[in-house]
Asker: 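I'd like to ask you about the structure that follows.
Index from 1, following the sequence. Please read all numbers here as calculations on a predicted model, not as lab measurements.
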Amino acid sequence: MTDKKSSINKKDDADDVIINVEHLNKKFLVDKQPMEVLKDINLQVKKGEFITIVGHSGCGKSTLLKIICGLVDYEDGKVERNGHAVEGPGPKCGMVFQDHRLLPWLKIKDNVGFGLRDLSKEEREQKVDEHLKLVGLEDFANSYPSQLSGGMSQRAAIARGLAGNPTILLLDEPFGALDALTRIQMQKEILRIQEQEGTTMVMVTHDIDEAIYLGDRIVVMSARPGEIKDIIKTDPVESKRRGGEMFAHYKKRIYNYFFEDSEEEYEVEYMI
């Protein structure tokens with residue numbers, strides 16, 4: 001009886017996984033020589049989770065995101081989205097980059113609706129209106145990207161990423177170019193959107209505070225070749241208290257991975 005119940009629970013867990021990465025390896029050719037970028041990556045993301053990824057610059061975080069999206073191929077291992085092997089980009093997986101990549105000659109409403117060309121005009125307009133309201137840009141539908149601030153442009157990029165109703169939204173350092181206050185506002189905004197839409201989100205960030213604040217789980221990667229050193233599950237309440245003791249504990253734990261085998265590790269332990 002226990003065995004049967006256990007197998008049912010395992011099946012439920014498997015059904016809940018929306019991104020599955022197993023034993024993933026990736027190399028690039030640099031000066032005709034292979035350079036190992038990702039090494040034996042194993043990661044399962046459940047529906048509705050918000051996963052953040054941190055690590056040294058050049059450790060392969062963005063490459064991992066692009067492989068999941070289908071923008072970059074890989075040598076060996078398994079990568080699945082929505083229960084199917086990744087064989088390229090798909091409509092159920094959106095991506096937002098650090099640079100908003102809005103088309104400067106199109107109005108904001110047309111940028112948001114750019115990927116909805118298969119819909120009728122009425123359906124497309126309805127989708128665009130819904131998602132402009134979702135990110136608070138309904139009054140700027142007829143503006144051009146050059147007329148928006150950095151934070152507003154990133155909101156428009158997020159609206160574009162969500163307009164096709166993806167089950168997964170991948171975010172590659174989307175708030176990296178924003179000032180500190182705007183960044184904090186955008187963090188709150190993306191959590192509100194994620195909660196409202198129920199979209200599974202995976203974000204790469206260099207900001208450890210941001211990773212803790214947003215992530216249900218934090219993936220900590222080593223320097224190149226990127227390996228997963230730890231996956232830290234956060235408390236949904238304590239991770240939002242930036243000045244709290246548990247927040248400081250998460251921060252110290254991540255910093256110690258960054259300063260492994262360094263004399264600075266001891267200093268970090270008392271810095272937070």
Asker: Without swapping roles, check the side chain of Tyr250 against the backbone of Asp235 for a donor-acceptor pair under 3.5 Å.
Answerer: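 Looks like yes, one N/O pair under 3.5 Å.
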Asker: Show the atom names and distances, to 0.1 Å, of all donor-acceptor pairs under 3.5 Å that link a side chain in residues 131-143 to residues at least two apart or in another chain.
Answerer:
| residue | atom | partner | partner atom | Å |
| --- | --- | --- | --- | --- |
| His131 | ND1 | Lys127 | O | 2.9 |
| His131 | NE2 | Leu162 | O | 3.1 |
| Asn142 | OD1 | Lys109 | NZ | 3.0 |

Asker: Should Ile212 and Met246 be counted in the same cluster of Ile, Leu, Val, Met, Phe, Trp and Tyr side chains packed under 4.5 Å apart?
Answerer: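 Yes; tracing contacts between hydrophobic side chains, which count when under 4.5 Å, links both residues.
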Asker: Is there a donor-acceptor pair closer than 3.5 Å between any side-chain N or O of Thr205 and the backbone N or O of Ile208?
Answerer: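 Answer holds: no.
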Asker: Any sub-3.5 Å donor-acceptor pair from Asn20's side-chain atoms to Glu80's backbone N or O?
Answerer: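 Not at all, since once roles are kept as given, no pair shorter than 3.5 Å links the two residues.
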Asker: Does Ile231 reach the side chain of Leu43, with side-chain heavy atoms less than 4.5 Å apart?
Answerer: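 Side chain of Ile231 against side chain of Leu43, heavy atoms only: contact under 4.5 Å found.
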Asker: With heavy-atom distances below 4.5 Å as the criterion, would you say the side chains of Ile190 and Arg192 are in contact?
Answerer: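 SC-SC contact between Ile190 and Arg192 ruled out.
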Asker: Starting from the C-alpha separation in whole Å, work towards a yes-or-no answer on side chain to side chain contact (heavy atoms under 4.5 Å, CB included) for Lys78 and His23.
Answerer: CA-CA 7 Å; Lys78 179 192 287 187; His23 304 296; over 6 Å; no
Asker: The criterion is salt bridge (charged side-chain N to carboxylate O under 4.0 Å, His left out); which residues satisfy it with Asp110, sequence neighbours excluded?
Answerer: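 Testing Asp110 for salt bridge (charged side-chain N to carboxylate O under 4.0 Å, His left out), a comparison that skips the adjacent residues, returns none.
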Asker: Going by side chain to side chain donor-acceptor pair (under 3.5 Å), name the residues that satisfy it together with Glu75, two or more places apart in sequence or in a different chain.
Answerer: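 For Glu75, no residue satisfies side chain to side chain donor-acceptor pair (under 3.5 Å) once neighbours in sequence are set aside.
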Asker: More than 12 heavy atoms of other residues, nucleotides or ligands under 6.0 Å from NZ of Lys240: yes or no?
Answerer: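 Counting neighbours around NZ of Lys240, more than 12 heavy atoms of other residues, nucleotides or ligands fall under 6.0 Å, so yes.
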Asker: Do Lys92 and Ile168 have side chains that approach each other closer than 4.5 Å (heavy atoms only, starting at C-beta)?
Answerer: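 A side-chain contact is absent here, since even the closest heavy-atom pair is not under 4.5 Å.
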Asker: Indicate the atoms forming the closest heavy-atom contact of Gly70 with Pro89, along with that distance.
Answerer: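 Residues Gly70 and Pro89, closest heavy atoms: O-CD, 3.3 Å.
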Asker: When you measure from the side chain of Arg183 to the backbone of Leu178, do you find a donor-acceptor pair of N or O atoms at a distance under 3.5 Å?
Answerer: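 Here the side-chain-to-backbone pair does not exist.
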Asker: Any pair with a residue in residues 72-122 that passes ring-ring contact (aromatic ring centres under 6.0 Å, His included), sequence neighbours left out, goes on the list, sorted by first then second residue, please.
Answerer: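 Matches after skipping sequence neighbours: none remain.
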Asker: Answer yes if Val112 and Tyr144 sit in the same cluster of Ile, Leu, Val, Met, Phe, Trp and Tyr residues linked by side chain heavy atoms under 4.5 Å apart, and no otherwise.
Answerer: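 The answer is no; the residues belong to distinct hydrophobic clusters.
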Asker: For Gln154 and Pro174, indicate whether the former's side chain and the latter's backbone hold a donor-acceptor pair under 3.5 Å.
Answerer: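 Side chain of Gln154 to backbone of Pro174, a donor-acceptor pair under 3.5 Å: yes, one is there.
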Asker: Decide side chain to side chain contact (heavy atoms under 4.5 Å, CB included) for His206 and Ser57; before the verdict, give the C-alpha distance in whole Å, the side-chain angles of both, and the deciding distance to 0.1 Å.
Answerer: CA-CA 8 Å; His206 285 100; Ser57 181; 4.2 Å; yes
Asker: Compute whether any side-chain donor of one residue and acceptor of the other, for Glu122 and Gln126, lie under 3.5 angstrom apart.
Answerer: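 Short answer, no.
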Asker: Mind checking the CZ-OG spacing from Arg217 to Ser239? Nearest 0.5 Å is all I need.
Answerer: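 One finds 14.0 Å between CZ of Arg217 and OG of Ser239.
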Asker: With side chains defined as the heavy atoms from C-beta onward, is the minimum distance between Arg242 and Ile184 less than 4.5 Å?
Answerer: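 Yes, at least one pair of side-chain atoms sits under 4.5 Å.
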Asker: Where is the tightest heavy-atom contact between Pro145 and Ser153, given as atom of each residue plus distance?
Answerer: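 For Pro145 versus Ser153, the nearest heavy atoms are O-OG, 4.0 Å.
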Asker: Without swapping roles, check the side chain of Thr200 against the backbone of Gly48 for a donor-acceptor pair under 3.5 Å.
Answerer: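 A pair under 3.5 Å: yes.
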Asker: Asn82 and Thr167: side-chain donor and acceptor closer than 3.5 Å?
Answerer: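 Yes.
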Asker: Checking Arg124 side chain against Gly113 main chain: does a donor-acceptor pair fall under 3.5 Å?
Answerer: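 Answer holds: no.
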Asker: Has Asp230 got a side-chain atom pairing as donor or acceptor with Val220's backbone, closer than 3.5 angstrom?
Answerer: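 It does not hold such a pair.
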Asker: Quick one: ring-ring contact (aromatic ring centres under 6.0 Å, His included) partners of His56, sequence neighbours excluded?
Answerer: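 Once residues adjacent in sequence are excluded, the partners of His56 under the ring-ring contact (aromatic ring centres under 6.0 Å, His included) criterion are Phe258.
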Asker: Return yes if some donor-acceptor pair links the side-chain N/O of Thr199 with the main-chain N/O of Gln194 below 3.5 Å, else return no.
Answerer: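 The answer is no, because no donor-acceptor pair under 3.5 Å joins these two groups.
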Asker: Please report the closest heavy-atom contact between Thr182 and Gly151, naming both atoms and the distance.
Answerer: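 Closest pair (atom of Thr182, atom of Gly151, distance): CG2-CA, 3.9 Å.
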Asker: Can you find a side-chain donor-acceptor pair between Glu123 and Ser120 that sits under 3.5 Å?
Answerer: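 Looking only at side-chain atoms, Ser120 and Glu123 do form a donor-acceptor pair, the distance falling under 3.5 Å.
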Asker: Salt bridge or not between Asp172 and Lys61? Use side-chain N to carboxylate O under 4.0 Å.
Answerer: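 Between Lys61 and Asp172 there is no salt bridge, as every charged N stays at least 4.0 Å from the carboxylate O atoms.
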Asker: What I want to find out is whether Lys251 reaches Asp209 closely enough, with some N-O distance under 4.0 Å, to be called a salt bridge.
Answerer: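 Answer for the salt bridge query: yes.
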Asker: Find the distance between CD1 (Ile41) and CE (Met221) and round it off to the nearest 0.5 Å.
Answerer: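 Output value for this atom pair is 4.0 Å.
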Asker: May I ask you to test the Phe50-Leu191 pair for a side-chain heavy-atom distance under 4.5 Å?
Answerer: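 Counting from C-beta outward, Phe50 and Leu191 do come under 4.5 Å.
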Asker: Hey, is the main chain of Asp216 close enough, under 3.5 Å, to the side chain of Thr234 for a donor-acceptor pair?
Answerer: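 Confirmed, Thr234 side chain pairs with Asp216 backbone.
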Asker: Go through Glu245 and Lys252 one step at a time and tell me if the salt bridge (charged side-chain N to carboxylate O under 4.0 Å, His left out) criterion holds.
Answerer: CA-CA 11 Å; Glu245 184 179 342; Lys252 184 182 80 170; over 6 Å; no
Asker: Set out, in order, the CA-CA distance, both residues' side-chain angles and the distance that settles side chain to side chain contact (heavy atoms under 4.5 Å, CB included) for Val219 and Thr52, then state yes or no.
Answerer: CA-CA 6 Å; Val219 177; Thr52 52; over 6 Å; no
Asker: To the nearest 0.5 Å, tell me how far Arg160 CZ sits from Leu103 CG.
Answerer: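 Interatomic distance, Arg160 CZ to Leu103 CG, rounded to 0.5 Å: 6.5 Å.
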Asker: About how many Å separate CD1 of Ile193 and CZ of Arg155, when rounded to the nearest 0.5 Å?
Answerer: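 Answer for the CZ-CD1 pair, Arg155 versus Ile193, is 8.5 Å.
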Asker: Is there side-chain contact between Phe247 and Glu238, with at least one heavy-atom pair below 4.5 Å?
Answerer: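 With C-beta onward as the side chain, the pair stays apart.
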Asker: Val21 and Asn42: side chain to side chain contact (heavy atoms under 4.5 Å, CB included), yes or no, with the steps?
Answerer: CA-CA 5 Å; Val21 180; Asn42 293 277; over 6 Å; no
Asker: Identify whether NZ of Lys or CZ of Arg in Lys26 sits under 6.0 Å from the centre of the six-membered ring of Phe28 and within 45° of that ring's axis.
Answerer: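 Judged by the rule, Lys26 and Phe28 form a cation-pi pair.
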Asker: Is the shortest side-chain heavy-atom distance between Arg224 and Glu36 below 4.5 Å?
Answerer: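 Arg224 does not reach Glu36 side chain to side chain.
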Asker: Using side-chain heavy atoms (C-beta onward) and a distance below 4.5 Å, is Ile218 in contact with Val54?
Answerer: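 They are in contact (side-chain heavy atoms under 4.5 Å apart), so the answer is yes.
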Asker: When rounded to the nearest 0.5 angstrom, what is the spacing between OG in Ser62 and CG in Leu71?
Answerer: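 The OG atom of Ser62 sits 11.5 Å away from the CG atom of Leu71.
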Asker: For Cys69 versus Arg81, what's the shortest heavy-atom pair and its separation?
Answerer: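 The pair with the smallest heavy-atom distance is O-NH1, 2.9 Å.
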Asker: Please list, chain by chain and in numerical order, all residues satisfying side chain to side chain donor-acceptor pair (under 3.5 Å) with Gln147, sequence neighbours excluded.
Answerer: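 Partners of Gln147 by the side chain to side chain donor-acceptor pair (under 3.5 Å) criterion come out as none, since no residue qualifies.
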Asker: From Ile228 CD1 over to Cys59 SG, what is the distance, rounded to the nearest 0.5 angstrom?
Answerer: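 Taking CD1 in Ile228 and SG in Cys59, the distance rounds to 10.0 Å.
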Asker: Minimum heavy-atom separation for Gly60 to Val37, with atom names?
Answerer: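 Gly60 and Val37 have their closest heavy atoms at CA-CG1, 3.8 Å.
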Asker: Less than 4.0 Å between a side-chain N and a carboxylate O, is that true for Lys46 and Glu49?
Answerer: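 Salt bridge between Glu49 and Lys46, a charged N being under 4.0 Å from a carboxylate O: no.
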Asker: Please name the pair of heavy atoms, one in Pro166 and one in Cys93, separated by the smallest distance, quoted to 0.1 Å.
Answerer: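 Between these two residues, the closest heavy atoms are CB-N, 4.0 Å.
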